[in-house]
Structure formats: C-alpha cells, structure tokens
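Every heavy atom of this structure was used, including side-chain atoms; hydrogens, water molecules and symmetry mates were not.
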Amino acid sequence: MAAAAAAAAGPPSRPSLYSECLRALLHRLAADAPQAPVAPAALLPDTVLLDLYQMMFEENIDMLSFELSDINIFYRILKTNHSRLCLLRYFQAVIAKGINLSKRLSSIYIEKCDKLKLTEKEDKEELDTLIDLGLRLGGFLNDAGWYGDAEKVLLSCKEICQSAIQTTHYVRLTLECCHRLLHAQSSYRSFAGAAETYGFCLTLIESTLEPSQSYEVSIKSLDDSDVGNLEHFIDDEIEGDDDSIQGISEKSKTPFYCRNQQSDDEEMNNLLLRLYKEFAVFHFLKSDYNHTFTCSLKALKLLKPITPLPIVIDVLRICSKGCVIMRKFGLAELLIQQAVARARVCYGRLHPKYAFTLLDYGYYFLNVDCILNSVTVYEEALAVLCRIYNGSNIPVAQAHEDLSYALYVHEYSSGRFFKAREHIDRAIKILESLLPAEHLMLATTKRVKALILEEIALDNLREANSTALFVESELLHKSALKLSLKAFGEMNVQTAKHYGNLGRLYQSMKRYSEAESMQLRAISIKEKLLGNDDYEVGLSLGHLASLYNYHMKMFTAAERLYYRSISISLKSFGEEYSGLEYDYIGLIHVNRELKRSDRIAFYMQLLHHWKQLRELSAEKRRHPDFGQEIEISIGELKNEVFDDIY
C-alpha cells in the first residue's frame with residue numbers, strides 16, 4: 001500500500017537548476033573558505049545573495065557566520081527590502097553556534113568610527129555612510145535583543161553625528177540616533193545612560209526652536225501648536241524595521257537623509273511622536289507612572305492618518321500600558337486591541353513585533369484579572385519569539401518570565417507551580433548567560449522565582465526541603481531588593497514591591513515583626529508615590545491585614561485594613577475581582593475571633609455573591625477574541641480616548 005500511495009503521489013520533486021547552481025556555489029565557497037570566504041558571494045545580486053544565505057542557514061551555519069561577519073555584507077543586507085525577519089533568524093542561529101556576531105559587528109563599527117575621528121580631512125560621503133550604517137546596525141541589534149551592543153554602536157554613531165558641523169542635517173541625524181539609543185538603553189535597563197540621553201534630547205529640541213519663540217519644551221508644555229517650530233528632523237524610517245516592515249518601495253536602499261518626500265511639518269510630527277513614545281517607555285520601565293501616562297498621551301495626540309503603521313502600533317502599545325497603570329482599563333483595552341489588530345495586518349503572526357504586541361496584550365489581561373487570557377496570550381507570544389530567536393535571547397527570556405508570573409498567579413490556589421517554575425528557570429538561565437551577575441534585569445526574574453519557591457515551600461511544610469526553599473526565596477528577594485535600591489533608590493514602586501514580597505515571605509517564615517516592618521515600608525512608599533487609593537496600595541494593605549489577622553491577633557487593625565483594601569479593589573476592578581475573596585474570608589475570620597455572628601453572616605453572604613459573579617463572568621475571562629478586533633480610524637480612536645480623559 002505504501003508503494004501504491006507513493007505512485008499515486010507522482011514522481012518526487014526535483015531540485016531546480018537554480019537551486020542546484022546555488023548548492024554548487026555553496027560547496028565551492030566552503031572549499032575556498034580559508035582563502036576567500038567572502039569575496040565571491042559579495043559579487044552576487046541581492047536576491048541571489050539572500051537565497052544563498054538561506055541555503056547556508058539550512059546547511060552550513062559556519063559558512064554563514066563567515067559571510068555575516070563582514071560588516072560591509074551585513075550593511076548591504078540591512079538595506080535590502082524584506083530581509084529583516086530572515087536576517088534575525090540567521091543572526092541568532094550564528095550566535096547559537098557560539099559565535100558572538102553581535103559583539104563582533106559592534107566592535108568593527110566602533111573601530112571604523114574611531115578611525116574616522118583620527119582623519120584630519122572630513123569626507124562628507126564617508127561620514128554620512130558611517131552614520132547610516134550605525135543607525136541601521138543599532139536598530140537591528142535593538143530588534144535582535146542585543147541591547148548592550150546596540151547601545152555601544154549608537155553611542156559611537158552619536159559622537160560621529162556631533163563631530164560634524166551642526167547643520168540641520170546633522171542635528172536631525174543626532175536626534176534620530178538618540179531615539180534609537182534611548183530604546184537600547186531603556187531596554188537594557190541602563191537607566192543612568194538613558195536619563196542622560198533623555199535630557200540631551202529635550203535640550204537639543206529646545207535649542208533648535210526658532211529663537212524668536214519663547215516655548216519651554218518639556219514633558220508638560222509641548223503641544224500641537226509647537227509642531228511647526230522645528231524643521232527637517234524626521235524621515236519615515238521606522239526604528240527597528242528599516243527594511244522589512246514598510247515594504248513600499250526601493251527607498252530603503254537610499255540613506256534616509258537623502259529623502260525629501262515628507263513635508264517639514266510631517267517630519268517634525270513623526271520625530272516628536274517617536275521621541276515621546278520612547279520617553280514613555282523609559283518612564284514606564286523606571287515605574288514613573290505619571291510621566292509614562294503624560295508622554296504616551298503626547299505621542300497619541302500627534303498620531304495622524306498618514307503616520308506609518310509601525311509607529312502607530314508602538315504608540316498604541318505604550319498608551320495602553322500607560323492607561324493600565326493609571327487604572328483606565330476601558331481605554332487600555334481599546335488601545336491594545338487596536339494595536340493587536342494592526343500588528344496582525346502589518347507584520348503577520350510570525351513576527352517579533354507581533355509577539356511584542358501580544359506581550360502587552362497579556363500585560364493588560366493580567367492587570368484586569370483575566371489571568372487565563374493572559375496565560376494564553378503569553379504562550380502564543382513566547383512560541384513566536386522562540387521560533388524566530390531560537391532560544392538564548394533577552395526578549396525570549398522576558399517572555400518566559402511574563403508567562404511564568406501569569407502561571408504563578410493562575411495556579412496560586414491550586415499549588416501546581418511546575419510549569420511556572422520551569423519557565424522562570426529558563427528565563428534566569430538565559431539572562432545569566434547573557435548579562436553581568438548584578439544586572440538589574442535579573443531583579444524581576446529573581447522576584448518571580450522567589451514567589452514560586454515560597455508557595456511550593458508553604459504547600460510542603462512537612463517536607464525536609466521546605467526550610468531550604470524558604471532560605472533560597474529570601475536570598476532571591478534580598479538580591480532583587482538590592483538591585484532595585486541601587487538602580488532606583490528607596491522611593492520607587494519596584495523597590496516597594498520588593499519590600500512587600502519580603503514581608504509576605506517573612507510572614508510565611510513566622511518572622512512576624514520583620515514582616516510587619518516590610519509591609520509598612522511598602523505601604524508608605526506606594527502611598528507617597530501613587531496616592532492612598534491606588535491598587536498597589538490596596539494590595540499591600542491586604543497583605544498587612546492578613547498578617548495582623550492570622551498571626552499577630554490584631555483583629556481591629558486588620559479589619560480597618562481589609563475595609564480599605566476592599567474599597568480600593570471595588571473602585572479599581574469591580575465586584576468580581578479575584579482578590580476580594582481573600583479580604584472577605586479574612587473579615588469572616590476577624591469577626592469569628594471577635595464573636596460577631598451577624599457580621600460573619602454578612603460577609604459570608606458577600607463571599608457567596610462574589611462567587612456567583614465570578615461564575616457568571618468566567619466565560620469572559622476565558623477566551624480572548626483573537627482576530628475579532630475591529631479597527632477604527634486614528635481620528636475616532638483619539639476622540640474616544642481624549643473625550644474619556646478630558
């Protein structure tokens with residue numbers, strides 16, 4: 001039967017003459033590699049060269065590494081339309097073989113810049129080519145997740161831009177470089193450098209205003225009326241997707257500073273828009289929520305129907321996160337769904353930028369208590385990133401961490417933390433292989449692992465290893481706190497979270513005085529930064545109430561804290577919020593201890609009502625409507641957002 005089936009299927013397909021020629025060339029190059037590994041391939045047309053590299057990717061990664069290590073070849077591919085996604089795969093495959101292509105290319109670029117600085121006579125063409133290479137290479141390394149090397153490339157590129165006479169042309173290039181540089185520094189958590197770049201951008205914009213104008217360019221003052229006062233700054237080059245995303249013409253082969261297709265006002269609008277988007281991301285990663293929200297709204301306000309789609313998607317993503325942290329969940333849902341719908345059209349389902357948009361969708365679901373939806377979205381995003389980056393990469397590690405935390409929250413009541421622990425262990429293994437030992441990016445991964453280990457220890461108190469798990473959890477929490485204090489100082493939401501986590505751990509370890517101290521410190525910081533009625537404050541109030549209620553026998557104090565926690569939860573999330581269960585159960589326990597039978601009945605009734613609401617809303621929380629989002633115009637979207645806010 002197998003033979004019959006094979007006969008019915010027809011003769012096997014034969015390799016085309018073109019593919020056979022490519023394979024013959026590949027074999028010849030491999031044979032000549034010690035003498036001339038690059039030059040023959042460099043003579044091929046772009047399309048043939050890319051096909052040859054695809055064959056190398058499939059059959060001879062070592063040969064591919066020789067080719068891509070030549071920065072001139074790499075630059076050529078960066079300027080080739082529709083090559084970005086393939087190049088990301090090739091790049092990561094070479095790195096997976098143990099060849100640090102990111103470091104190699106960045107070092108070569110920095111050497112070129114240093115050599116140019118020593119040249120007495122300025123060659124404008126050479127200078128502009130080197131700047132264009134730096135912008136493209138830095139943008140690609142940002143896309144590939146090699147933020148440390150991207151930062152080095154873009155810092156050198158910035159120096160080259162500033163070494164030229166500061167005409168409008170070079171000021172424009174400097175700002176373009178700073179935009180990408182800020183992205184690299186923020187993503188790598190190089191906040192000292194990012195703060196310097198951020199301040200430099202604001203100063204440069206302000207100094208470039210018409211001298212006759214008395215505008216104060218700042219986060220709070222720049223508005224639409226200022227758009228016409230800056231000129232010649234921005235092209236329609238999309239950071240991180242110079243060549244593959246737009247796919248609209250051959251213009252990506254031309255350095256962007258040679259293009260004159262946009263009006264000055266449009267260029268200025270796009271520059272400010274992209275800068276504000278990056279400012280918002282910078283503030284978000286520092287947990288500076290007010291500035292995150294303000295900057296994201298500035299970016300949203302500058303969106304136009306003609307704004308390139310990749311920029312629109314990035315702005316909608318950060319605006320959604322800004323709305324989440326300000327607890328404007330209806331707007332956050334609208335914005336992230338619009339981003340997902342557009343990303344699916346713009347990139348397709350197998351692109352890292354689509355995966356990053358899904359990660360922000362998962363962040364929204366996690367914060368609105370739709371935990372299973374969050375897990376589903378994070379799983380899809382991780383699968384896409386693993387397929388593209390093939391494992392050992394910072395974006396992949398961060399996706400593992402996001403999924404691990406969502407699984408931890410989802411399985412909190414069940415105690416099944418195997419998958420959550422597996423993903424956080426992968427995240428830590430990847431980051432430890434790529435980052436210095438005390439890198440800030442390890443703080444959140446250590447925090448998540450510590451939370452998981454604590455719950456495993458609590459569920460296995462009679463086991464011999466429970467004490468060891470508690471000790472390991474404490475070490476991880478303390479390490480995360482130390483990193484946060486070093487990066488942010490005491491007055492930061494992330495630092496407060498680490499204090500709160502230590503407080504919960506000490507409660508589990510029966511170190512109640514230390515637990516109370518940690519929770520009080522967390523509450524104090526959060527109230528000063530976020531106000532008395534923020535969700536984060538409510539979370540810490542509930543934890544302190546639990547400590548007072550179950551372990552320190554301070555029932556009246558616990559009752560007051562539960563009331564505050566419930567009030568904040570109802571205001572932030574409504575009656576079906578999952579965290580209300582613990583507060584209602586806690587109040588039942590308080591009133592039993594205080595022998596208030598009528599209040600016990602009241603809170604048992606509330607708990608029953610809560611369970612009914614959870615059952616009714618279960619379907620809503622279970623199924624994210626992928627592919628069902630309906631796009632609305634930029635104008636309609638902006639009207640809906642700003643009508644709600646103002």
Side-chain angles (χ1 to χ4, degrees), residues 135 139 154 158 161 166 168-183 185-186 194-195 197-211 213-241 256-257 259-284 288 290-319 321-322 335 339 634-635 637-638 641-642 645:
L135 293 175
L154 292 164
K158 178 187 170 188
C161 289
Q166 290 302 285
T168 300
H169 169 75
Y170 287 108
V171 172
R172 173 185 167 198
L173 292 179
T174 300
L175 279 172
E176 176 63 34
C177 181
C178 286
H179 166 261
R180 301 179 186 218
L181 175 59
L182 183 58
H183 179 85
Q185 291 169 324
S186 297
T197 302
Y198 168 67
F200 177 82
C201 287
L202 291 179
T203 301
L204 189 56
I205 293 171
E206 182 176 6
S207 68
T208 314
L209 288 171
E210 296 284 347
Q213 304 297 327
S214 58
Y215 293 104
E216 179 187 354
V217 179
S218 69
I219 293 302
K220 297 180 180 178
S221 67
L222 194 57
D223 205 327
D224 281 350
S225 59
D226 302 318
V227 170
N229 296 292
L230 292 171
E231 297 181 352
H232 309 296
F233 279 127
I234 194 67
D235 67 306
D236 55 357
E237 187 90 278
I238 308 304
E239 185 276 319
D241 291 287
F256 63 79
Y257 46 79
R259 304 174 201 152
N260 296 301
Q261 297 183 9
Q262 288 182 300
S263 71
D264 293 341
D265 282 350
E266 289 169 2
E267 291 179 349
M268 174 54 212
N269 190 79
N270 278 352
L271 174 67
L272 289 179
L273 192 159
R274 296 167 73 206
L275 285 171
Y276 275 118
K277 181 266 294 183
E278 214 56 68
F279 293 167
V281 172
F282 166 59
H283 288 303
F284 176 81
D288 186 347
N290 289 331
H291 279 127
T292 300
F293 189 58
T294 302
C295 289
S296 65
L297 290 183
K298 291 287 188 183
L300 181 65
K301 194 171 186 180
L302 294 172
L303 283 184
K304 294 182 177 181
I306 61 172
T307 302
L309 192 53
I311 297 180
V312 173
I313 294 165
D314 283 346
V315 170
L316 296 181
R317 287 172 53 199
I318 189 58
C319 279
K321 295 175 89 166
L335 289 161
I634 293 296
L637 181 59
K638 288 169 66 174
V641 171
F642 290 113
I645 292 173

Taking the side chain as every heavy atom from C-beta outward, state whether [X] and [Y] have any pair of such atoms under 4.5 Å apart.
X    : Y    : result
L271 : I205 : no
L302 : N270 : no
F293 : I645 : yes
C201 : L275 : yes

What's the shortest heavy-atom distance between [X] and [Y], and which atoms?
X    : Y    : answer
R317 : A339 : CG-CB, 4.1 Å
C161 : T174 : CB-OG1, 3.3 Å
L135 : E176 : CD1-CG, 3.9 Å
H179 : K277 : NE2-NZ, 3.9 Å
A280 : S296 : CB-N, 3.7 Å
L154 : C177 : O-SG, 3.1 Å

| query | Would K298 count as a cation-pi partner of F279, with NZ or CZ less than 6.0 Å from the six-membered ring centre and within 45° of the ring normal? | reply | no

Hey, what do you get for [atom1] ([X]) to [atom2] ([Y]), rounding to the nearest 0.5 Å?
X    : Y    : atom1 : atom2 : result
F282 : D288 : CZ    : CG    : 8.5 Å
F642 : L637 : CZ    : CG    : 9.0 Å
L182 : R274 : CG    : CZ    : 12.0 Å
T292 : L297 : OG1   : CG    : 10.5 Å
D314 : E278 : CG    : CD    : 8.0 Å
L173 : Q166 : CG    : CD    : 9.0 Å

| message | Please tell me whether Y198 and H283 form a close aromatic pair, meaning their ring centres lie under 6.0 Å apart. | response |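 They qualify: ring centres under 6.0 Å apart.
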
| Name the one of V315, I306, L303, T307 that satisfies side chain to side chain contact (heavy atoms under 4.5 Å, CB included) with I634? |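 Of V315, I306, L303, T307, side chain to side chain contact (heavy atoms under 4.5 Å, CB included) with I634 is met by L303 alone.
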
| request: Take K158 and F200, measure what side chain to side chain contact (heavy atoms under 4.5 Å, CB included) needs, and give me the verdict at the end. | output: CA-CA 11 Å; K158 178 187 170 188; F200 177 82; 3.9 Å; yes

